[in-house]
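To start, the structure itself, in structure tokens.
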Amino acid sequence: MNKKLSECSHTCFMCQNITQDWWQMIDLKRFLIKVKKGQKFIEEGNEMSGVYFIQDGFVKVHKHWGEREMIVRFGKKGDIVGHRGISTANLLSPISATAMIDSVLCFVELDFLKPC
């Protein structure tokens, strides 16, 4: 389903807002995955184990609204997806996310993102 890639472009929100000293640690903890057009990589109501940073591509963030789908926003290269609504009290995703074109995502587990 998802293919792990080896090189990070360091162009996402996270890498642009930390010092380069942290990049090596992040490279050890992150997973780059390739998703195909139409592939859902976050499912509303499922437990979240991390967040995604868009390395390349375009994604739709959406959720159920009654019997309809409501588009919450679109994400492009550099954006973060799956971070809103996540807390220690609730790890269930309030949204779904689907690749609109073939995309490369950087996945970082929540355990790595927790403050010490």
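Everything quoted here is computed from the prediction, not taken from an experiment.
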Sole candidate of Lys63, Glu43, Met48, Glu47 that passes side-chain contact (heavy atoms from CB on, under 4.5 Å) when paired with Ser93:
Met48
Atom pair [atom1]/[atom2] of [X] and [Y] - distance to nearest 0.5 Å:
| X | Y | atom1 | atom2 | answer |
| --- | --- | --- | --- | --- |
| Tyr52 | Ile33 | OH | CD1 | 5.0 Å |
| Leu32 | Asp56 | CG | CG | 11.0 Å |
| Phe58 | Lys76 | CZ | NZ | 9.0 Å |
| Lys40 | Thr98 | NZ | OG1 | 5.0 Å |
| Ile101 | Lys36 | CD1 | NZ | 12.0 Å |
| Phe53 | Lys77 | CZ | NZ | 15.5 Å |

Which atom of [X] lies closest to which atom of [Y], heavy atoms considered:
| X | Y | result |
| --- | --- | --- |
| Ser103 | Val59 | OG-CG1, 4.3 Å |
| Val35 | Ala99 | CG2-CB, 3.7 Å |
| Gly75 | Ile54 | C-CD1, 3.5 Å |

For residues 66-73, dump all side-chain donor-acceptor pairs below 3.5 Å to protein atoms at least two apart in sequence or in another chain.
{"unit_1": "Glu69", "atom_1": "OE1", "unit_2": "Lys60", "atom_2": "NZ", "d": "3.1"}
{"unit_1": "Glu69", "atom_1": "OE2", "unit_2": "His62", "atom_2": "ND1", "d": "3.1"}
{"unit_1": "Arg73", "atom_1": "NH2", "unit_2": "Ile80", "atom_2": "O", "d": "2.3"}

Steps toward side-chain contact (heavy atoms from CB on, under 4.5 Å) verdict (Leu105, Gln55)
CA-CA 5 Å; Leu105 308 171; Gln55 292 288 310; over 6 Å; no
Check against side-chain contact (heavy atoms from CB on, under 4.5 Å), Ser96 and Phe41:
CA-CA 8 Å; Ser96 293; Phe41 59 94; over 6 Å; no
Could you walk me through whether Val81 and Val51 satisfy the side-chain contact (heavy atoms from CB on, under 4.5 Å) test, starting with their C-alpha distance in whole Å, then the side-chain angles of each, then the deciding distance to 0.1 Å, before giving a yes or no?
CA-CA 6 Å; Val81 178; Val51 295; over 6 Å; no
Check the pair Leu92, Asn46 against side-chain contact (heavy atoms from CB on, under 4.5 Å), reporting the backbone distance first and the verdict last.
CA-CA 5 Å; Leu92 300 181; Asn46 285 356; over 6 Å; no
